[in-house]
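The structure appears below as C-alpha cells.
Chain naming here is simple, since letters A, B, ... match the order of the sequence lines and numbering starts at 1 in each.
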Amino acid sequence: MQYSQLCKVYEELEQNSSRLKKTEILADFLKKLKKEKDQEIIYLLQGKTFPDYSEKEFGISEKLCIKALTKASGTSDKEIIERWRKIGDIGKVAEQIMGRKKQNTLFSHKLTAKKVLDNLKKLPELEGKGTIERKLALISELLTSASGTEAKYIIRTLLGDLRVGTGEGTIRDSIRDACFETSSEEDTSKKSLNVMDSENKKQITETIQDAYDKSTDWKLVFEQACKGLSALKSTELTPGKPVKVMLFPKEDSFEDGFSRVGKPALIDYKYDGFRMMINKNNNQIKVFTRRLDDVSKQFPEVKEYVKKYIKGESFILDTEAVGYDPETKKYRPFQEISQRIKRKYDIDKMARELPIEINVFDIIYYNNKSLIKTPFKERRKIIEKIIEKHPYKIRPSEAIITESVEKAENFYKKAIEDGEEGVMMKNLEAPYKPGSRVGYGIKIKPSENDFDLVIIEAEYGTGKRAGWLSSYTVACRKDNKFLEIGKVSTGLKEKTEGLTFKELTKKLKPLITKEHGRTVEVKPKLVVTVVYQNIQKSPKYSSGFALRFPRITRLRPDRKAGDVATLEEVKKEVERKS
DNA sequence: CGTGTCTGCCCC
DNA sequence: ATTCTGC
DNA sequence: GCAGAATGGGCAGACACG
C-alpha cells in the first residue's frame with residue numbers, strides 16, 4: 001500500500017465533518033485493508049503505530065519536528081516558526097516547504113505505508129547517546145521522499161495530533177460497515193451470518209464496541225470482525241491487560257445530579273489523588289494509570305495490600321490512590337504524590353515518605369467473570385464483601401446511598417471537611433462503560449474563587465485558534481512590579497456570544513512591546529477575572545505561585561493594572577485554605 | 001559532572 | 001484537569 | 001448529550017552541551 005493512498009483518505013476525512021460521511025470513507029478503506037490483509041494500518045488511521053496500552057513513545061514533539069524539517073528542507077528554524085505562528089499547524093508548514101522543494105527536484109521514490117510504519121516503529125527503540133540525531137535521521141529520511149501532503153501527515157502523526165476527526169465511534173462504525181454487509185430491502189433472499197438488517201445493526205455495533213472495551217486494541221478487533229461475529233464475541237476481559245477507565249462529567253447541583261443518575265444514587269468521596277486500575281490474575285498483580293501506563297513498580301505497597309486484604313483469585317478494581325503524611329496521617333495534595341508516578345529511582349524511599357491509601361470504588365472483573373454489565377449496586381456489594389477495610393492502606397471508598405438532596409449535601413460537607421475534592425454520584429443500575437464519559441455518574445466540586453489579574457504576555461494559538469493570541473500569561477502585583485502567576489487560555493469563546501479570542505487579540509495587539517517566536521510581551525493594561533480551583537506552589541512563575549485549573553470568565557475594562565490582586569492577597573488565600 | 005531543554009496519547 | 005463547539 | 005479539540009500546572013526522566 002502506498003502512503004499516498006492513506007493520505008488521500010486523511011484528506012477526505014478532514015474535508016468532511018459529518019460523521020456518517022467519515023464512516024463511509026473509512027469503511028471503504030478498511031475493505032481494502034481487509035482484502036490485502038493489512039489490518040495493522042488501522043493504527044495509522046488514528047495517527048498511532050501501537051495499541052493504546054503500548055508503553056512505547058516516539059520521544060518526538062514540536063521542537064524536534066522543527067529540527068527534522070530544517071534538516072530535510074534546508075529552511076531555517078526561524079522561518080519555520082514564523083510560518084507556524086501564522087498558520088498554527090506544523091503539519092501544514094511541512095506541507096508548504098516540502099511541497100515547494102519537490103517541485104524542483106524530480107522525485108521518484110514512492111513512500112509505502114509500510115516504510116512509514118517501519119521508521120516510526122524504530123523511534124521508541126532508540127536510546128542512549130546520539131539518540132536525537134538518529135531519530136532526526138529516520139524522520140528526515142521519510143520527509144525527503146514525501147510529497148507535501150505526505151509530509152503534513154507524517155509530522156502530524158509524530159505530534160500525536162492527526163486532526164482528521166476519527167474517534168473511537170467512527171472507527172467502530174466503519175469496522176462494522178466494512179466487515180458486515182447491509183441487506184437491501186428487496187433482496188431478502190440473501191441470508192448470511194454477516195448480513196445486517198437495521199435491527200441487528202445496532203447489536204453488531206455493540207458487539208464491536210464490547211470487543212474493543214475488553215481488548216483496547218483496534219487492530220485485534222478489526223481482525224476478529226473480518227472473521228465474523230462469533231470471533232468478535234469470543235473477546236474476553238483479561239486481568240493483566242489494561243482497560244480504559246470510565247469518566248464522569250461535572251454537574252453543579254445535587255438536583256441536577258439526581259436527575260441525571262436517578263434515585264436513589266450512590267454518592268462517594270472524590271479524592272484528590274490519581275486513578276489506579278488494579279489487576280490481579282492468580283499471583284500476578286499489575287497496576288495501571290488512567291492512560292494505561294503500567295505503574296506496578298512505582299507502587300510496591302499495592303501488591304502487599306492486595307494479597308493481604310482482598311479475597312479472590314482474579315479481579316480488576318477501579319480505585320483512586322491518595323497520598324498522606326505517614327506521621328500526621330494528613331492527606332497530601334496531588335502535587336506531592338505525583339512525584340511517585342513516573343519514578344524510576346528511589347522508589348522505596350518515596351514509598352516510605354509518601355505512602356498512599358487506595359480507595360476502591362468499582363470492580364469490573366471477579367474470579368474469571370466480567371462484571372462490566374453487572375449493575376453497579378451489585379458491583380459495590382462485591383467490593384464491600386471482598387475487601388478487608390484498612391484505613392491508610394486499602395478500603396472501599398467512603399459512600400452512602402440516598403435519594404435525599406439534604407443527605408447528599410450533608411455527606412458532601414463531610415467530604416470537604418475531610419479535605420477531599422468533592423463527591424461522585426452514581427447510577428445504581430448502570431453497567432461499567434470503559435473509556436466513556438457516558439459514565440452513568442457525575443462529579444460535584446465546590447464553587448470556586450477568582451482573582452482579577454493583568455495580562456503581561458500572550459502566545460499565538462494553533463489549529464482552530466490559529467492567528468489569534470489565545471494563551472495569556474497573567475500577573476498579580478507587588479508594589480509597582482507585576483509577578484507572573486500562571487497562564488490561562490480557556491473560558492473564552494471561539495465563535496459564540498461572549499468574550500472571544502478575536503476581541504482579546506484585537507485589544508492586545510496595540511499593546512505589544514516585543515515579539516519572540518510565537519510569544520509577545522504586552523504592556524500591562526488588560527485586566528481579566530480568572531477563576532481557579534486551587535493555588536499551588538510554583539517553581540516556574542515569579543510570584544512563586546500558580547493557579548490550578550485556571551480559566552477566564554470576563555474582561556474588567558473598569559479596572560486598571562494597579563487594581564489587580566496583590567501577592568499578599570494571594571498568600572492570604574493560600575493560608576486560608578490550609 | 002551539573003545544568004538546561006524537551007517530552008509525555010504523563011498525571012491532575 | 002476545564003471549556004467550547006459541531007454533530 | 002456526546003466526542004473531540006485546544007488549552008492550564010507540575011512532575012520525573014532522558015539527552016545534549018559546556
Side-chain angles (χ1 to χ4, degrees), chain A residues 17-22 46-64 67 88 126-133 135 159-170 244 247 249-250 260 272-276 289-293 295 298 320-321 333-346 350 421 435-439 443 445 448 459 461-466 468 470-474 485-496 498 500-501 530-541 545-553:
Chain A
S17 57
S18 147
R19 245 194 75 185
L20 289 173
K21 185 72 192 168
K22 282 181 198 284
Q46 281 198 298
K48 295 162 191 166
T49 40
F50 306 102
D52 285 322
Y53 54 80
S54 169
E55 301 271 298
K56 293 180 178 170
E57 290 166 348
F58 292 144
I60 297 286
S61 192
E62 294 165 355
K63 309 284 171 180
L64 290 178
K67 264 199 174 172
L126 298 174
E127 58 179 11
K129 212 176 162 188
T131 296
I132 302 221
E133 253 339 285
K135 283 187 180 178
L159 293 173
D161 194 12
L162 209 50
R163 287 203 287 228
V164 297
T166 50
E168 283 179 13
T170 319
K244 291 198 176 179
L247 301 165
K250 213 168 91 174
R260 189 112 155 197
D272 186 18
F274 79 101
R275 201 79 174 260
M276 213 181 221
T289 65
R290 184 187 135 120
R291 293 290 188 195
L292 314 184
D293 265 357
V295 290
Q298 282 78 357
E320 184 86 5
F334 170 78
Q335 213 176 344
E336 290 184 31
I337 30 164
S338 78
Q339 294 176 92
R340 292 191 56 185
I341 299 173
K342 301 208 83 181
R343 185 162 289 275
K344 277 177 81 173
Y345 312 103
D346 294 329
M350 281 303 286
E421 262 197 330
S436 174
R437 279 213 145 77
V438 196
K443 58 189 171 194
K445 295 190 186 188
E448 296 151 302
E459 190 175 1
T462 63
K464 50 185 181 168
R465 296 187 189 167
W468 292 324
S470 68
S471 169
Y472 318 99
T473 304
V474 287
I485 190 169
K487 287 169 84 173
V488 54
S489 93
T490 186
L492 299 176
K493 308 282 189 270
E494 282 151 8
K495 302 219 159 153
T496 56
T500 60
F501 288 106
V530 179
V531 175
Y532 61 90
Q533 243 172 60
N534 263 321
I535 303 173
Q536 301 170 267
K537 270 192 189 165
S538 171
K540 196 158 114 188
Y541 294 116
F545 297 101
L547 305 178
R548 192 182 189 201
F549 311 142
R551 57 261 193 218
I552 292 181
T553 50

Problem set entry | Side chain to side chain, A:T49 and A:F58, heavy atoms closer than 4.5 Å | yes
For this session: Would you indicate, yes or no, if C:dC4 has its OP1 or OP2 atom less than 4.0 angstrom from a side-chain nitrogen or oxygen of A:K493?
Result: yes
For this session: Ignoring backbone atoms, test whether A:K487 places a side-chain nitrogen or oxygen under 4.0 Å from the OP1 or OP2 oxygen of D:dG8.
Result: yes
Problem set entry | Sugar-phosphate, base or nothing in reach of A:I337, heavy atoms under 4.0 Å | nothing
Exercise. Is a side-chain donor or acceptor of A:K445 paired with a backbone partner of A:K250 at a separation under 3.5 angstrom?
Worked result: no
Problem set entry | CA sep, side-chain torsions, deciding dist, call: A:M276, A:E320, side-chain contact (heavy atoms from CB on, under 4.5 Å) | CA-CA 6 Å; A:M276 213 181 221; A:E320 184 86 5; over 6 Å; no
Problem set entry | Separation between CD of A:E421 and CG of A:N534, rounded to the nearest 0.5 Å | 7.5 Å
Exercise. Looking at A:Q335, does any N or O in its side chain come under 4.0 Å of the phosphate oxygens OP1/OP2 on D:dG9?
Worked result: no
Problem set entry | Any donor-acceptor pair under 3.5 Å from A:Q46 side chain to A:T166 backbone | yes
Problem set entry | Presence of A:Q339 side-chain N/O under 4.0 Å of D:dG10 phosphate oxygens OP1/OP2 | no
For this session: Using a heavy-atom cut-off of under 4.0 Å over every strand shown, decide if A:L292 touches base, sugar-phosphate, or nothing.
Result: nothing
For this session: Could you tell me whether A:T490 contacts a base, only the sugar-phosphate backbone, or nothing, with contacts defined as non-hydrogen atoms closer than 4.0 Å?
Result: base
Exercise. Can any side-chain N or O of A:E336 pair as donor or acceptor with the backbone N or O of A:P333 at less than 3.5 Å?
Worked result: no
Exercise. Which nucleotide in the list D:dG13, B:dC12, D:dG8 gets nearest to the side chain of A:K344?
Worked result: D:dG13
Problem set entry | D:dT7 OP1/OP2 closer than 4.0 Å to side-chain N/O of A:R551 | no
Seminar exercise, completed: A:S17 has its side chain closest, among B:dT7, C:dC7, D:dA6, to C:dC7
For this session: For A:F549 and for A:S18, locate the closest nucleotide of DNA chain C by heavy-atom distance; then report the residue assigned to the nucleotide nearer the 5' terminus.
Result: A:F549
For this session: Hunt down the Watson-Crick or G-U wobble partner of C:dC7, both distances under 3.5 Å, from any strand shown, or write none.
Result: D:dG1
For this session: Taking atom C1' in both C:dT2 and B:dT7, compute the distance separating them and give it to the nearest angstrom.
Result: 23 Å
For this session: Verify, without hydrogens or angle tests, whether A:K487 (side chain) and A:P550 (backbone) share a donor-acceptor contact under 3.5 angstrom.
Result: no
Exercise. Any idea which of C:dC7, D:dA5, C:dT2 is nearest the A:K464 side chain?
Worked result: D:dA5
Exercise. Considering only the C1' atoms, how many Å lie between B:dC12 and D:dC2, rounded to the nearest integer?
Worked result: 22 Å
Problem set entry | Sugar-phosphate only, base, or nothing, as touched by A:D293 at under 4.0 Å among non-hydrogen atoms | sugar-phosphate
For this session: Looking at every strand, decide which applies to A:F274 at a 4.0 Å heavy-atom threshold: base, sugar-phosphate, or nothing.
Result: sugar-phosphate
For this session: Looking at every strand, decide which applies to A:P539 at a 4.0 Å heavy-atom threshold: base, sugar-phosphate, or nothing.
Result: sugar-phosphate
For this session: Describe the nucleic acid contact of A:G273 in one word from base, sugar-phosphate, nothing, applying a heavy-atom distance below 4.0 Å.
Result: sugar-phosphate
Exercise. Is the backbone N or O of A:R548 less than 3.5 Å from a side-chain atom of A:Q533, with the two atoms forming a donor-acceptor pair by type?
Worked result: no
Exercise. Hey, is the side chain of A:R291 poking within less than 4.0 Å of OP1 or OP2 on B:dC10, counting only N and O atoms?
Worked result: yes
Exercise. Heavy atoms under 4.0 Å, any strand shown: does A:G160 hit a base, just sugar-phosphate, or nothing?
Worked result: nothing
Problem set entry | Presence of A:T496 side-chain N/O under 4.0 Å of C:dC4 phosphate oxygens OP1/OP2 | no
Exercise. When you measure from the side chain of A:K63, which nucleotide among D:dG10, B:dT7, D:dA6 comes out closest?
Worked result: B:dT7
Problem set entry | Phosphate-side-chain proximity, A:K129 and D:dA14, N/O vs OP1/OP2 below 4.0 Å | no
Exercise. Below 4.0 angstrom from OP1 or OP2 of D:dC11, is there any side-chain N or O of A:Y345?
Worked result: no
Seminar exercise, completed: Among B:dT7, D:dG8, D:dG10, the one nearest any side-chain atom of A:S489 is D:dG8
Problem set entry | A:S54 side chain to A:P51 backbone, donor-acceptor under 3.5 Å | no
Exercise. Can a side chain N or O of A:T289 be found less than 4.0 Å away from OP1 or OP2 on B:dC10?
Worked result: no
Exercise. How would you label the contact of A:R340 with the nucleic acid (heavy atoms, under 4.0 Å): base, sugar-phosphate, or nothing?
Worked result: nothing
Problem set entry | Which residue lies more 5' along DNA chain D, comparing A:Y541 with A:I132 via nearest heavy atoms | A:Y541
Exercise. Distance-only, no hydrogens or angles: does the A:R290 side chain make a donor-acceptor pair with backbone N or O of A:F274 under 3.5 Å?
Worked result: no
Exercise. With respect to the phosphate group of D:dG8, does any side-chain polar atom (N or O) of A:S471 fall under 4.0 Å of OP1 or OP2?
Worked result: yes
For this session: Describe the nucleic acid contact of A:L492 in one word from base, sugar-phosphate, nothing, applying a heavy-atom distance below 4.0 Å.
Result: sugar-phosphate
Exercise. When we call it a touch if two heavy atoms are under 4.0 Å apart, what does A:K443 touch: a base, just sugar-phosphate, or nothing?
Worked result: sugar-phosphate
For this session: Identify, between A:L126 and A:M350, the residue whose nearest nucleotide on DNA chain D lies closer to the 5' end.
Result: A:M350
For this session: Could you check whether A:K445 gets within reach of a base, just the sugar-phosphate, or nothing at all, counting any heavy atom under 4.0 Å?
Result: sugar-phosphate
Exercise. Does A:S338 place a side-chain N or O at less than 4.0 Å from the phosphate oxygens OP1/OP2 of B:dC10?
Worked result: no
For this session: Report which part of the nucleic acid A:Q46 touches: base, sugar-phosphate, or nothing (heavy-atom distance under 4.0 Å, all strands).
Result: nothing
For this session: Please lay out, stage by stage, how A:Y541 and A:I485 fare under the test side-chain contact (heavy atoms from CB on, under 4.5 Å).
Result: CA-CA 6 Å; A:Y541 294 116; A:I485 190 169; 5.7 Å; no
Problem set entry | A:A546 side chain, from C-beta outward: closest of C:dT5, D:dC15, D:dG9 | D:dG9
Seminar exercise, completed: Taking Watson-Crick and G-U wobble contacts under 3.5 angstrom, with | marking pairs to another strand and [ ] crossing pairs, the secondary structure of DNA chain B is written ||||||||.|||
Exercise. Looking only at side-chain N and O atoms, does A:R465 come under 4.0 Å of OP1 or OP2 in C:dC4?
Worked result: no
Exercise. A:R343 side chain N/O closer than 4.0 Å to the phosphate oxygens (OP1, OP2) of D:dA12?
Worked result: yes
